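Computed from a predicted structure; not experimentally measured. Protein chains get the first letters and strands the later ones, always in sequence-line order, with residue 1 at the start of each.
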Protein chains: 2
Amino acid sequence: MTRFSFHRVPRFLALAAVLLLAASAFAEEGMWTLDNPPLKQLKDKFGFEPTPQWLEHIRLASVRVGDGGSGSFISPDGLVLTNHHVALGQLQKVSTPQKNYVADGFYALTPAEEMACPDLELNVLYSMENVTDRVLKAVKPGLTPKQALDAQKAEMAKIEKESLAKTGLRSDVVPLYSGGEYWLYRYKKYTEVKLVFAPEQQIAFYGGDPDNFTYPRYDLDMAVFRAYENGKPAKVAHYLKWSAKGAADGEPVFVSGHPGSTNRRMIMAQLFFQRDFSYPSRLAALKRRLEVCRAYAARGPEQARQAASQIFGLENSLKVMTGEYEGLKNPQLMEKKARDEKEFRSLIDSRPELKQALGDSFEAIAAAIEKLKSRQNELSYRNLPCPNLGRMALQIVRLVAEIKKPDGQRLEGFHDSQLDSLKFRLFSPAPVYPGLEEALGIDTVKQTVEKLGPQDPFVKAVLEFAETPEGAVKALLAGTKLADPNVRKSLVAGGEKAVAASTDPFIVLALKVDPILREMIKWQEDNIESFTRPAGEKIGQALFAVYGKSLYPDATFTLRLTYGAVKGYPMNGTLAPSKTTFYGLYDRAVSFDDKPPFNLPKRYLEGGDKLDLSTPLNFVCTLDIIGGNSGSPVINRNGELVGLVFDGNIESLVGRFIYDETANRCVAVHSAAMIEALKKLYGAENLAKEILGEK
Amino acid sequence: MTRFSFHRVPRFLALAAVLLLAASAFAEEGMWTLDNPPLKQLKDKFGFEPTPQWLEHIRLASVRVGDGGSGSFISPDGLVLTNHHVALGQLQKVSTPQKNYVADGFYALTPAEEMACPDLELNVLYSMENVTDRVLKAVKPGLTPKQALDAQKAEMAKIEKESLAKTGLRSDVVPLYSGGEYWLYRYKKYTEVKLVFAPEQQIAFYGGDPDNFTYPRYDLDMAVFRAYENGKPAKVAHYLKWSAKGAADGEPVFVSGHPGSTNRRMIMAQLFFQRDFSYPSRLAALKRRLEVCRAYAARGPEQARQAASQIFGLENSLKVMTGEYEGLKNPQLMEKKARDEKEFRSLIDSRPELKQALGDSFEAIAAAIEKLKSRQNELSYRNLPCPNLGRMALQIVRLVAEIKKPDGQRLEGFHDSQLDSLKFRLFSPAPVYPGLEEALGIDTVKQTVEKLGPQDPFVKAVLEFAETPEGAVKALLAGTKLADPNVRKSLVAGGEKAVAASTDPFIVLALKVDPILREMIKWQEDNIESFTRPAGEKIGQALFAVYGKSLYPDATFTLRLTYGAVKGYPMNGTLAPSKTTFYGLYDRAVSFDDKPPFNLPKRYLEGGDKLDLSTPLNFVCTLDIIGGNSGSPVINRNGELVGLVFDGNIESLVGRFIYDETANRCVAVHSAAMIEALKKLYGAENLAKEILGEK
């Protein structure tokens with residue numbers, strides 16, 4: 001799964017959601033926050049009682065990678081292990097038409113050869129603090145819903161700012177349990193990161209889109225970075241020791257990583273909206289975008305190289321969302337969900353004090369959804385053309401305006417505590433490909449026109465540059481200098497004045513449409529969020545009253561601990577084994593006559609007899625993960641790394657809405673395979689030794 | 001799939017059925033009789049126009065093996081290739097507690113070492129003659145339904161008898177197209193058959209019950225026999241040449257074999273009966289029988305050896321029927337079937353002459369089913385205890401009685417043309433295991449008592465031997481001598497008098513219950529078959545009127561030609577390749593830590609490096625097959641053998657009712673794998689050379 005595979009739920013869909021799983025339904029399920037680890041389950045299931053030190057060690061060895069992946073420290077000198085597909089964006093950015101590190105891989109034989117990444121940020125969760133009381137108390141009696149929402153947001157921004165000032169650590173206030181709790185998470189941040197090792201994409205992503213999200217699998221989906229501080233390898237006290245033999249069939253294992261988002265607590269009204277409105281239109285848009293990218297890639301090898309990571313991400317999302325959508329269309333799943341909701345509500349109804357506190361929260365969410373439908377098209381399709389240039393122009397325009405406001409009144413994404421990360425990406429030296437921007441930009445404008453018609457003010461603003469979508473995008477691209485990071489920096493440095501004076505067409509366009517987009521944000525706050533957030537909080541509180549903290553919150557791209565066991569599953573009429581081997585990799589390649597995407601890199605075709613083919617390559621376990629967990633370490637009881645999460649199986653996709661242990665499996669690279677390949681195929685003895693702690 | 005995997009539909013279910021597939025729906029579908037090969041489809045799809053000589057050659061090289069399998073001649077000296085699982089019964093019968101050929105395999109290094117099979121019959125289809133007119137004209141105007149049925153049956157027996165007398169060939173009248181046509185099939189018969197080669201069951205049936213009916217697959221499910229005539233290897237003019245390289249991905253291929261039975265022409269009333277009555281009770285009975293066998297096998301290694309082929313067959317049937325039952329419960333399948341039926345009936349309704357001819361045939365079948373339900377329990381559960389001894393006792397009792405009647409008035413199975421085969425099995429020297437007979441016998445009686453109650457006359461007859469099921473079965477077994485084939489022979493030789501005088505408890509019991517069972521047969525003829533057979537004929541005739549012979553008849557364990565291509569399919573979220581390799585075999589073994597049923601025979605564990613692991617092992621093709629096809633050759637355009645059918649994938653099980661090319665696949669052993677294993681692992685150079693025509 002790609003690092004972007006946890007869908008950022010578009011703002012207008014970010015309705016608070018409700019936890020509806022009966023506690024009794026728990027199998028090896030749950031993405032647990034580190035303040036509330038599933039100690040009882042671990043003891044009951046595995047007789048394992050992790051100490052606070054064990055938990056702290058795991059937490060501090062876990063790394064959040066970029067804005068959608070996970071990883072872990074694996075040496076005292078800052079080596080970070082994650083997936084190739086998490087590293088893909090960076091590999092693409094450091095590649096050139098002459099040297100394609102995505103296709104060919106990379107290995108730094110010496111520290112001097114380690115290659116700087118343009119804009120990769122690593123975060124380590126240093127501390128967690130419950131700030132629920134502060135956030136809830138910010139809402140004084142007598143406020144209107146919108147005033148209450150504003151007051152809460154201001155308080156959250158204040159907490160973050162105070163924390164940043166006090167500790168220097170990245171500080172995020174995280175709503176959990178549908179707003180049933182708010183926590184302040186503080187991160188140590190590494191922005192000086194170098195690439196140490198990446199294999200060929202063809203072996204990292206062996207089997208391509210067809211094999212993606214399936215198992216049995218044969219992927220060496222790994223990449224190794226090194227975190228630096230002040231120009232030197234970072235010294236880290238907490239890193240995972242390597243288990244060369246990995247985990248046995250049936251052995252308990254753990255994952256510590258950053259699941260992006262789940263929707264397990266959605267109420268039926270929300271699930272119906274997802275099934276009947278949201279997924280159909282999002283799937284259609286994805287398919288359309290993918291077609292554009294494929295057509296662009298078909299123009300030539302250089303275009304194919306440029307579009308590769310986009311295509312990878314889109315195919316990945318399409319496969320994920322198709323699986324999720326199938327789940328939503330599965331009547332049994334929906335019936336289970338409806339039963340759970342009914343059960344929960346009748347439990348509430350039987351306790352008058354809870355019933356009164358809950359009020360009409362369910363109805364309020366349903367009503368907000370109905371309101372949402374009235375503007376769904378505008379909310380979905382008013383998108384700035386050109387994925388990088390359009391985004392950056394809008395960020396610049398907003399940044400210079402927001403920065404002048406008190407922190408608590410700013411747009412989400414522009415709080416003081418968020419600015420470093422924003423600028424790190426905005427000023428990234430990574431290349432922008434004009435051809436790809438153009439192709440995608442033209443299609444975006446065409447889609448906007450089709451969906452909203454020529455009279456829509458957003459459409460009008462775009463078509464002021466030329467009468468046709470093609471003309472408008474070409475005009476935008478012809479005149480812009482935003483691809484140069486220095487131009488972006490100087491615009492930001494010049495503030496509102498410089499931006500207002502800019503004649504860069506993307507800036508001109510962003511200035512023109514920003515008010516239109518801000519009106520939509522405000523409309524959503526006034527009409528949707530002001531109602532759904534308190535409704536969600538009330539439902540979250542009712543849940544606590546009924547189930548206590550025997551529940552885990554929906555995923556929020558924050559650190560979670562998951563537990564389970566190495567275990568095969570019933571598949572395709574037979575059994576899937578708990579692991580695969582290099583034998584299987586060669587079987588699949590020969591079985592498909594070495595045709596893409598089942599072809600092997602040259603190194604593997606020629607070096608097969610160097611490998612012990614019986615070495616385990618991938619394995620599956622009953623760990624409850626989702627997109628964002630990519631790159632997470634799989635850990636044994638001793639806190640050793642036994643594997644590297646890189647995917648879920650096809651049966652796991654419905655996990656966005658419901659976890660079913662029968663066949664939901666996490667797919668990981670086996671620790672033995674990584675060492676075997678590094679030593680025998682890549683000449684990376686040094687790296688293998690460092691990982692194994694032998695030097 | 002096992003050779004018994006085409007379910008012998010119990011008599012009471014043998015309702016005539018209706019072909020409902022629109023001709024336009026044809027993909028690479030169809031089990032075509034050799035008189036009506038799909039010439040147009042072959043030309044359109046593959047540009048291939050087989051000559052009459054090609055078709056004759058294939059027909060005469062094809063062998064029907066025993067009473068449930070297929071095979072082919074592969075050398076001029078009578079070598080016959082079939083599946084290990086088709087040979088399993090014979091392997092079991094020649095094994096002893098000291099020498100287990102099932103587990104260890106067998107190879108005759110020299111002709112002298114070839115091992116005689118106790119009761120294996122091979123049939124080769126020598127000629128086919130359309131006798132529809134004769135059979136239909138036997139029904140004179142004015143007969144009652146029962147008289148008409150008797151007249152038809154008598155005519156069929158007469159045709160068979162005349163043919164046998166005239167040609168000396170086994171002669172069967174075969175109803176096709178629900179009785180739309182009747183054909184006289186004449187077979188050359190070989191009963192002198194020796195075993196030449198069989199591998200270890202563990203590699204023939206690698207992956208055991210879990211992998212059965214699935215793919216990707218890694219089975220060397222082969223066995224080689226030699227047909228003899230007059231003590232010498234049979235000289236055969238028609239045999240298949242061997243293609244050492246097999247078939248490529250996408251290449252057109254053919255299968256010539258003996259599909260056992262399909263129910264593609266069942267009308268909705270029949271499908272509902274199958275879904276709601278027949279399958280649930282048959283599945284329950286199967287599971288029960290399997291439990292008994294497993295408990296018996298658990299008593300010790302010798303018991304496990306004795307019960308192995310029973311367990312194999314039951315697990316196999318259970319998996320098949322579960323897949324079929326899932327199909328029947330699939331609403332989409334049933335809707336498709338209902339649509340087809342509606343379309344067919346409205347086509348008929350639009351043509352008054354067809355409508356009149358069809359009359360109330362659909363309603364007659366539905367009414368017969370309702371009548372059937374009234375006696376379903378008696379028909380299902382009045383079974384003689386002990387699978388071998390009970391069957392043989394009843395056959396003896398009936399044989400001596402039937403043989404005195406004119407051929408046309410005998411029970412089915414006792415016509416002159418059928419007697420040789422009947423006696424061949426009845427007098428077989430194969431061992432009877434008393435312990436297994438007892439365990440199964442006790443359970444049979446218990447089930448009969450449970451379902452029919454103590455007052456049922458059949459139950460009373462059994463419990464006259466002792467008050468309890470255990471007691472009765474033990475008494476039967478204690479007193480019987482029927483396990484000795486000479487005892488059976490002398491009873492038959494002594495005729496009705498000897499049988500009437502016999503004090504063998506099984507004979508006594510069979511004499512007592514035979515009238516009860518004959519009453520049921522008569523009731524069915526009077527109330528069911530007399531109505532469903534003419535109804536089926538009328539529907540068959542209506543089908544001809546609408547579609548002509550662009551249709552193929554349901555399978556009847558007679559020779560059929562099937563066409564298709566080597567082709568993978570969408571599976572489990574990704575693609576299944578069109579072939580597997582020895583690499584994959586080793587992958588699966590290591591993946592399951594070499595645990596049964598995924599363990600490898602010693603020869604493979606130790607000899608892996610002798611093999612070229614990239615040799616194709618199994619492959620799949622879009623050939624429309626079903627149980628009974630096991631052992632069929634897969635043939636290329638040149639008439640060469642490229643593979644050996646041994647299974648269908650899990651998606652093919654629904655093929656009993658409907659063929660869907662998307663994922664329905666025939667699974668075959670690759671020709672290259674057989675030669676590779678014979679040469680490199682089994683020291684069977686001689687056999688390999690004979691197969692390859694090199695000596």
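Once rounded to the nearest 0.5 Å, the distance linking OG of A/Ser614 with CG of B/Asp594 reads 11.0 Å. Atom OG of B/Ser578 is separated from atom CZ of A/Phe592 by 7.5 Å, given to the nearest 0.5 angstrom.
Options A/Phe582, A/Phe598, A/Tyr583, A/Phe619 differ in how many heavy-atom pairs under 4.5 Å they form with chain B, and the most are formed by A/Tyr583. For the set B/Ile650, B/Asp249, B/Thr581, the count of heavy-atom pairs under 4.5 angstrom toward chain A peaks at B/Thr581.
Counting non-hydrogen atoms of other residues, nucleotides and ligands closer than 6.0 Å to NZ of B/Lys329 gives a total above 12.
For the pair A/Tyr586 and B/Asp587, the minimum side-chain heavy-atom distance is 4.5 Å or more.
Residue A/Tyr215 touches chain B through its backbone alone, counting heavy-atom pairs closer than 4.5 Å. Using a 4.5 Å cut-off between heavy atoms, B/Leu613 contacts chain A through its side chain alone, with no backbone atom that close.
Inspection of non-hydrogen atoms places B/Met571, B/Asn572, B/Gly573, B/Thr574, B/Leu575, B/Ala576, B/Pro577 of residues 570-577 of chain B under 4.5 Å from chain A.
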